[in-house]
Protein chains: 2
Amino acid sequence: MAFELTIDHLPDLSLGAALLGTGGGGDPHAGRLLAAQAIRTNGNITVLDLDDLADDDFVVPTAMIGAPSVLVERIPAGNEPVDALRALERLLGRTATATMPIESGGINSMIPLFVAGTVGLPVVDGDGMGRAFPELQMETFGIYGCPGSPLAIADERGYSGIVDTGQDNKKMEKYARALATSMGGVGYVAEYPMSGADVKRTAIPRTLSLALRLGRTLREAREQHRDPVEALSETLSETLYESSGVVFEGKVIDVLRKTDGGFTKGSAKLVSFDGGSTCQIDFQNEFLLARVDDRPAIVVPDLITVLHAETGEPITAERLRYGHRVRVFAIGTPEIMRTPEALDTFGPRAFGIDLDFVPFEQLAASKIGSSV
Amino acid sequence: MAFELTIDHLPDLSLGAALLGTGGGGDPHAGRLLAAQAIRTNGNITVLDLDDLADDDFVVPTAMIGAPSVLVERIPAGNEPVDALRALERLLGRTATATMPIESGGINSMIPLFVAGTVGLPVVDGDGMGRAFPELQMETFGIYGCPGSPLAIADERGYSGIVDTGQDNKKMEKYARALATSMGGVGYVAEYPMSGADVKRTAIPRTLSLALRLGRTLREAREQHRDPVEALSETLSETLYESSGVVFEGKVIDVLRKTDGGFTKGSAKLVSFDGGSTCQIDFQNEFLLARVDDRPAIVVPDLITVLHAETGEPITAERLRYGHRVRVFAIGTPEIMRTPEALDTFGPRAFGIDLDFVPFEQLAASKIGSSV
C-alpha cells in the first residue's frame, strides 16, 4: 500500500539503510541531506507498493556510482541524479512515472528519494539488490531479463553520458564505472528503465519500507532498553527476510584493509569473549563471507551485518577497528535472490570466492548437527 | 570540385597521411585495408569539396580514438565506426548526408573512407586538425564554435556510448578517452555533427586531396630519382600549406621514449652530418617542437616531419631509431590554424611547452638574420 514519506522518516531509514548496507553501501548522510532538502522544498514523497504500479508505468531507477570515500569530500551539486534521469528520458522519448532504488543500503536508499522529491515523482518500495552490492550488474532486474541499458550518467556540471551495451549488464558496469572514474570518482546514473509489469516481476519488494522498519526497530529497542538483535529478528520474521540470527559474538582483534581497483578489500579477525572461538569476515566494500572456526557461517548474498554488541548499531567495513565488541548477525535473503541465476550474478563465485552458496540457516543447522 | 576516390588512390593517400601524421597519427595500414574492402564491395567513393556542400547538409565526422599501438593487435571487427555513426544518427533523429575526417594523418584519414564506402555516403575533402593531433578537442570545428557533443563511441561488439558535455570539448575528450580505455584501448567515434554551412566555415579545406597529392609527389619523386623534399615543397606551394622547408639534416644519436597516460612521449637527439650542429625533437605521439642548436626551429601547430634523408619516407616517433639519417622538414600551417583561438587549443602551451608560437618561416628568417 502506498504511503507518504516525510522528513521525520529519514533518520530511521538512514539507520536501516546502514544495516542493509551490510558493511558497505556508502555513507547515507549526504544523500539524506539531499532527500531532506527536496522534501522541505516540495513536500512529502509518495512511496508506491509494487501492487500500486500499473503494467504500463515507466519506472526509471536512479543511483550514485563510484567510490563512497570520494563522495564524502565531493558534495553533490544537487541535480546530478535528476540530470541523469532527464538525459535518459530524452534519449528514450518517454517521461518516467516513478523512480526507485537499484539497491537497498547506504546512500542509494536516499538518492531516489531526492530525485522523487525534486521532480515530483513517486518512488517504488523495492529494489534490485535487496541489500548493497558493489556493481551495477548485480540486479534482480537484469537477472530476470531486464537490461540495464541504456544507462545515463551525469556529473556535477550537468554533463552526461549514455552507455548502451544491449543485454550485457556486466559490460555496462565496466563502461559506466570508467565514466564515473573520469568524472572524478563519482557519477549519478539512471538505468534499468522498466515497465511497471517488469518491476513487479523482477524487483525485490518492500525493501524501502524494510529499511525504515529496521531502523525504527533499532531506535525503539534502544529507547526501550531491549535487546536490539532480538527486536530485529522479530521484525524480520514478518518480512521476506524471515530468517535471521547471531552467528558469533566477540571482539575485533585485527583488520586488514586495502584499496584495490576502486574497492575497499580486506578481512577482519574476531575472537569470542571466552577466547574459545574465532571468526573471520572477508569484505569487498560489503561483507561477503563470515567463517566461524574456519567453517563458512554466512555466505553472500545472505546479509552479514556487524552490530555493536550493546547498541545494535551497524558498523561498516571502513570503520571496523581493533577492540570493537560486536555481534555478527545474519539476515537470510529472500528466495528471489537465491535462485541459480541470481547466484550466478551475485553469489560467492561472482566475487572470486571458491564456495557454493548455502543458506546461513542450513549452515547453522549443520553446525548444530555436527556438534552433537 | 568533387572527385571519385578509387582503390588505386589508397597507397598514395596512405603515404601522404603518414606525412601529415607528423610523427604520430597511428598506422594507416589497418584503416587502409578497411577502406579498400569497402570500395571493393560498394564501388568508388565520392569526395566532395567544401564548395559542393549545401548549407543544410548534415555532416558527421568519424574516427578512431585510443592507443594506435593497441590497434595493431586488435583488428577492427569492421563495423565499429558505422555503429558509432548510426548511434549518433538515432540520438539526433537525423541521417548524415556525408562523413569526413576529424584529422588528416594516419589511420584517421582512412576511417571516414571506410564509413563512406560502407554506407554509401560521400566524404568531405577537409578536416578539423589539418594534421594529426592527440586529442579530440584539438579541432578547428570546436575552435570556431561547433561543439563536439554529442559524441557516439562504439566498440567491436556494437556496444555504444554517448558523451554530451555541451560546449566543453576538452571534457568530452576526457570522458570519451575513459570509455575508449575501458573498451580495451580503442574506440570508434562519430562526433562534431555539423551543418554543411558549419563545415564550410570551420573546416580546413582540401586536406584529403592534400594527403593524396603529397603521397603521389613522394612516389613520383622516387620514380623519377628527384629530390623528394624539393618535390614536396613545390606541391605544397600550390596549397594552403604554402610554406615549407628543411630546418635540419643529420643522423639520430639518441631517442628517449616512454608511454605515459596513453601517450607516447619523449624526445630525439640528432647531430648534423658535419657534427657542428644539433637538433632535438620533442614529441607526444606527434612531433611538437624541433630545436636546432637550442633555438626553436619548428613549433606546434606547424608540422614537424622527419623524412628519410634519401627516400623522403616519413618516419614516425615510434619508429625513430639511433642511426637514422634524416631531414627535418617543416610545413607551415594555414592561417585558420594560427589564430589566437586556434593556438589556445593546439598551440605549444596546450601541450605544456612554455613557448609562444612563432611561424617556422619567421624562426628561419630570424636565424638567417642573426647569423649575418
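So you know, we letter chains A, B, ... as the sequences are listed, proteins then strands, and number each from 1.
Between Lys171(A) and Asp155(B) there is no salt bridge, since no side-chain N of the basic residue sits under 4.0 Å from a carboxylate O of the acidic one.
Counting all heavy atoms, side chain and backbone alike, Ser182(B) lies closest to Tyr175(A) at OG-CD2, 3.2 Å.
Counting heavy-atom pairs closer than 4.5 Å to chain A, the top-ranked of the candidates Ser160(B), Gly161(B), Ala178(B), Ala154(B) is Ser160(B). Of the listed residues (Leu91(B), Thr165(B), Val163(B)), the greatest number of heavy-atom pairs within a distance under 4.5 Å of chain A belongs to Thr165(B).
Contact annotation for Arg157(B): only side-chain heavy atoms (C-beta onward) come within less than 4.5 Å of a heavy atom of chain A.
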